[in-house]
Amino acid sequence: MRIPRRLGLTLAALALLGATGATLLPEPASPLRALTELSAQRLATADRVAAAKWIGGDPIDDPAREREVIRLARAEARRAGTDPDVVARVFRDQIDANKLVQRALHGRWQADPGTAPPAAGDGGNAGELSAVRAEIDRLNADLLTELAELAELTEATEGRAGADCPAQRGLALDETRDRRGLDPLHTRALGHALRSVCPAAG
């Protein structure tokens, strides 16, 4: 069985966890911690997407774009030997978390138009949605890599990493929230984005 080299630190941490019974935050290189950070980066794009859609008068829901993102994620999961259904669930959660933020921001701007982003003049908003989507696509590729790593780690540890995943996910989320200074809206959305990342539970 192939064990990725980058999982060495994480496997050592899991061995220490089993020996001491201590609760450890995933090592910086671990797939779960990396997934949490990438999810936070992806979620940070929601504010820009919300502003671009507000200014352009575009709907928050974009079924065609969402279907294409999930189709590509499934295809890449198959190529990587990762369960495409698991990957699709994670990406659906990522998309829904982004829209959760967008809807909340649009609601605020509707209630208080003075806080809404100003309309761009002279085409100043042209291409913003395309640019942020290109950034999201890059983050999606990184998320796929980390999901494959997490699946391999779970296999390599015979399920132990999966069993411990929900607790470690919560610790990683709390650390990311504190480091990034996330407000309640973005914290709740990040929790939603991470709902399906644990292979064995929750």
Roughly how far, to the nearest 0.5 Å, is the [atom2] atom of [Y] from the [atom1] atom of [X]?
{"X": "K53", "Y": "I60", "atom1": "NZ", "atom2": "CD1", "value": "6.5 Å"}
{"X": "T145", "Y": "E76", "atom1": "OG1", "atom2": "CD", "value": "9.0 Å"}
{"X": "L173", "Y": "L182", "atom1": "CG", "atom2": "CG", "value": "8.0 Å"}
{"X": "R188", "Y": "L190", "atom1": "CZ", "atom2": "CG", "value": "12.0 Å"}

Check your understanding: Do R33 and T36 touch side chain to side chain, with heavy atoms closer than 4.5 Å?
Key ->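 No, their side chains stay 4.5 Å or more apart.
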
**Study point:** Results of ring pair (Phe, Tyr, Trp, His ring centres under 6.0 Å) for H106 - residues two or more places apart only
**Key:**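 Expected list: W54, W109.
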
Review point. Are L72 and L144 connected in a single hydrophobic cluster, I mean Ile/Leu/Val/Met/Phe/Trp/Tyr linked by side-chain heavy atoms less than 4.5 Å apart?
Key: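 As far as the 4.5 Å side-chain criterion goes, L72 and L144 are not connected within one cluster.
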
When you check the gap from the basic side-chain N to the acidic O, do [X] and [Y] get nearer than 4.0 Å?
{"X": "E175", "Y": "R179", "answer": "yes"}
{"X": "R65", "Y": "E68", "answer": "no"}
{"X": "R67", "Y": "D62", "answer": "no"}
{"X": "D61", "Y": "R103", "answer": "yes"}
{"X": "E135", "Y": "R42", "answer": "no"}

**Study point:** Any donor-acceptor N or O pair under 3.5 Å, side chains N98, Q94
**Key:**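 Short answer, no.
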
